[in-house]
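Since the structure comes first, as structure tokens, the remarks are kept for the end.
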There are 2 protein chains.
Amino acid sequence: MRSYGQYCAVAKALDLVGDRWTLLIVRELLLRPCRYGELQDGLPGIATNLLAERLRALEEDGLVARDEPGCYRLTERGQQLGAVVRELTRWGALLMAEKDSSDAFRSRWLEIPLELMFGGNDPGRPEVEVEIRAGDEVLTLNSRAGEVKIRRGVAVSPELVLTAPPDTMIGMLSGGLDKKAALEQGASILGDFRHLARLRRRDWLEDPLGPALSTSRR
Amino acid sequence: MRSYGQYCAVAKALDLVGDRWTLLIVRELLLRPCRYGELQDGLPGIATNLLAERLRALEEDGLVARDEPGCYRLTERGQQLGAVVRELTRWGALLMAEKDSSDAFRSRWLEIPLELMFGGNDPGRPEVEVEIRAGDEVLTLNSRAGEVKIRRGVAVSPELVLTAPPDTMIGMLSGGLDKKAALEQGASILGDFRHLARLRRRDWLEDPLGPALSTSRR
DNA sequence: CTGCATCCGGGCCGATACTG
DNA sequence: CAGTATCGGCCCGGATGCAG
């Protein structure tokens with residue numbers, strides 16, 4: 001990418017990750033190291049030459065490393081982009097209200113939003129296991145000792161099993177849809193739906209630095 | 001911009017702000033409402049047709065509004081991008097270590113990094129006024145009652161006046177350069193340099209959500 | 001089959017000229 | 001000052017080829 005030629009941290013950052021697809025590649029690698037084919041599967045729509053080109057640029061810039069040929073992972077510096085991707089996720093969450101019928105979906109794309117909604121430590125939370133069935137894979141949310149873990153795979157002994165189309169699932173998880181509305185939209189709910197609200201952070205949509213820093217002066 | 005066609009919050013966000021120059025326009029408007037010409041000045045290198053096109057798209061998407069013709073400001077939704085721009089700033093800060101000689105610079109680009117470095121409330125901080133002279137305008141940092149305010153314009157009765165080339169100034173402000181090194185790089189320091197270290201947050205480079213959420217699992 | 005490299009049409013970007 | 005118009009060139013997107 002052509003440099004912006006500005007001595008500014010935002011411009012310098014975008015010189016490295018401002019290219020089309022680049023931050024989506026980082027999104028994929030934030031979850032786990034990926035093979036080339038896994039990246040293609042997690043990035044529907046990307047041209048194979050662009051994926052190769054972006055990976056090469058990311059490697060040159062020290063954000064991505066490949067252990068064996070064909071297995072890509074983020075370097076520590078690349079991992080630090082997690083904060084950027086999380087804020088983009090938070091900001092983009094409101095845009096998920098309606099799903100375009102032609103939009104692709106992968107269940108792994110829920111993992112970062114789930115971290116935002118349920119992450120962090122909160123000793124008062126109940127200990128429950130929730131199985132989340134939407135899209136291509138099953139996710140499991142596990143609350144233990146105040147910590148919530150999200151992982152791929154089925155639950156062992158879930159207190160709640162949710163099955164729904166992607167947009168309905170996101171509505172349930174985020175709290176935008178109540179049980180009745182979700183059922184009307186084709187969700188299947190096994191167990192006590194109220195567990196979700198007890199686990200969810202109420203501040204997950206808020207700027208982590210608080211409004212003090214975020215409001216523009218004048 | 002062509003949509004990514006992915007039902008994912010990051011992709012949806014980038015559908016709106018992933019275009020080249022768009023987040024830099026937001027960076028400018030986060031500081032204050034701007035006239036068209038001010039935006040051009042704050043975005044050296046942008047083609048005028050692109051600026052007009054981006055502003056039109058941002059307005060259509062409800063992120064920018066124009067009060068009078070020619071005066072642009074962020075909507076509330078646009079302001080919420082502040083969190084994204086701040087994380088890009090934090091991540092890009094390390095890239096400011098060396099300045100390319102052809103890079104353009106505007107002193108207003110220091111305002112967001114200064115908020116990160118000195119923002120927030122800390123009742124233990126001394127009450128001092130620092131005048132910052134680098135680039136095209138003078139900035140003043142004012143610490144009172146634990147709060148630090150950054151504004152354009154000269155100081156009233158500063159305890160510290162810093163004058164330096166942009167990269168040296170950033171080194172001093174961020175803490176990467178000590179007094180001796182800064183002086184060697186052409187800085188002029190009037191007053192007690194140690195005020196800076198007393199005002200600066202030590203965690204300004206850290207992920208606001210903490211490493212718990214930011215580390216990738218496995 | 002996976003992991004890319006090559007090729008080419010089209011659209012976006014960048015620079016300049018021009019207008020109310 | 002605040003944009004609009006135009007055009008060359010480069011990047012993106014989609015298809016295809018090919019080597020291990």
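Since this is a predicted model, take the numbers as computed values, not measurements.
In this structure, CD of Gln40(B) is placed 8 Å from C1' of dA2(D), rounded to the nearest angstrom. Distance, Leu55(B) CG to dC1(D) P: 17 Å, rounded to whole Å.
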Sort me out a list of protein N/O and nucleotides 12-14 of chain D N/O pairs below 3.5 Å, or just none if empty.
from, atom 1, to, atom 2, distance (Å)
dC12(D), OP1, Asp19(A), OD1, 3.1
dC12(D), OP1, Arg54(A), NH2, 2.6
dC12(D), OP2, Arg54(A), NH2, 3.1
dG13(D), OP1, Arg20(A), NE, 2.3
dG13(D), OP1, Arg20(A), NH2, 3.0
dG13(D), OP2, Trp21(A), NE1, 2.8
dG14(D), OP1, Arg2(B), NH2, 2.5
dG14(D), O6, Asn49(A), ND2, 2.8

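Using a 4.0 Å cut-off between charged nitrogen and carboxylate oxygen, Asp41(B) and Arg108(B) count as a salt-bridge pair. Salt bridge Arg32(A)/Glu111(A): present, at least one basic N to carboxylate O contact under 4.0 Å. Ion pair Glu38(A)/Arg35(A) not flagged as a salt bridge, since none of the NZ, NE, NH1 or NH2 atoms sits closer than 4.0 Å to an Asp/Glu carboxylate oxygen. Between Arg90(B) and Glu87(B) there is a salt bridge, with a side-chain nitrogen of the basic residue lying less than 4.0 Å from a carboxylate oxygen of the acidic one. Salt bridge absent: Arg2(A) and Asp15(A) never bring a charged side-chain N and a carboxylate O closer than 4.0 Å.
In this structure, Arg86(B) is not positioned above the aromatic face of Trp91(B) in the sense of NZ or CZ being under 6.0 Å from the six-membered ring centre and within 45° of the axis. Cation-pi geometry between Arg20(A) and Tyr4(B) is met: under 6.0 angstrom from the ring centre, within 45 degrees of the axis.
In terms of modelled atom types and a separation under 3.5 Å, the side chain of Glu129(A) and the main chain of Ser157(A) share a donor-acceptor contact.
Bracketed by its first and final contacts, the part of DNA chain C lying under 4.0 Å from non-hydrogen atoms of chain B reaches from dC13(C) to dA17(C) in 5' to 3' order.
Note on the helix from dC1(C)-dG20(D) to dG20(C)-dC1(D): angle between the axes of the first and last five pairs equals 30°, rounded to 10 degrees.
Phosphate proximity of dG3(D) to Tyr72(B): present, with a side-chain N or O under 4.0 Å from OP1 or OP2.
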Query raised in the report: Checking salt bridge (Lys or Arg N to Asp or Glu O under 4.0 Å) for the pair Glu68(B)/Arg66(B): CA distance, chi angles, key distance, verdict?
Result: CA-CA 6 Å; Glu68(B) 323 127 41; Arg66(B) 81 181 84 189; over 6 Å; no

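Just one of Leu58(B), Val17(B), Val64(B), Leu63(B) meets the side chain to side chain contact (heavy atoms under 4.5 Å, CB included) condition when paired with Ile25(B); it is Leu58(B).
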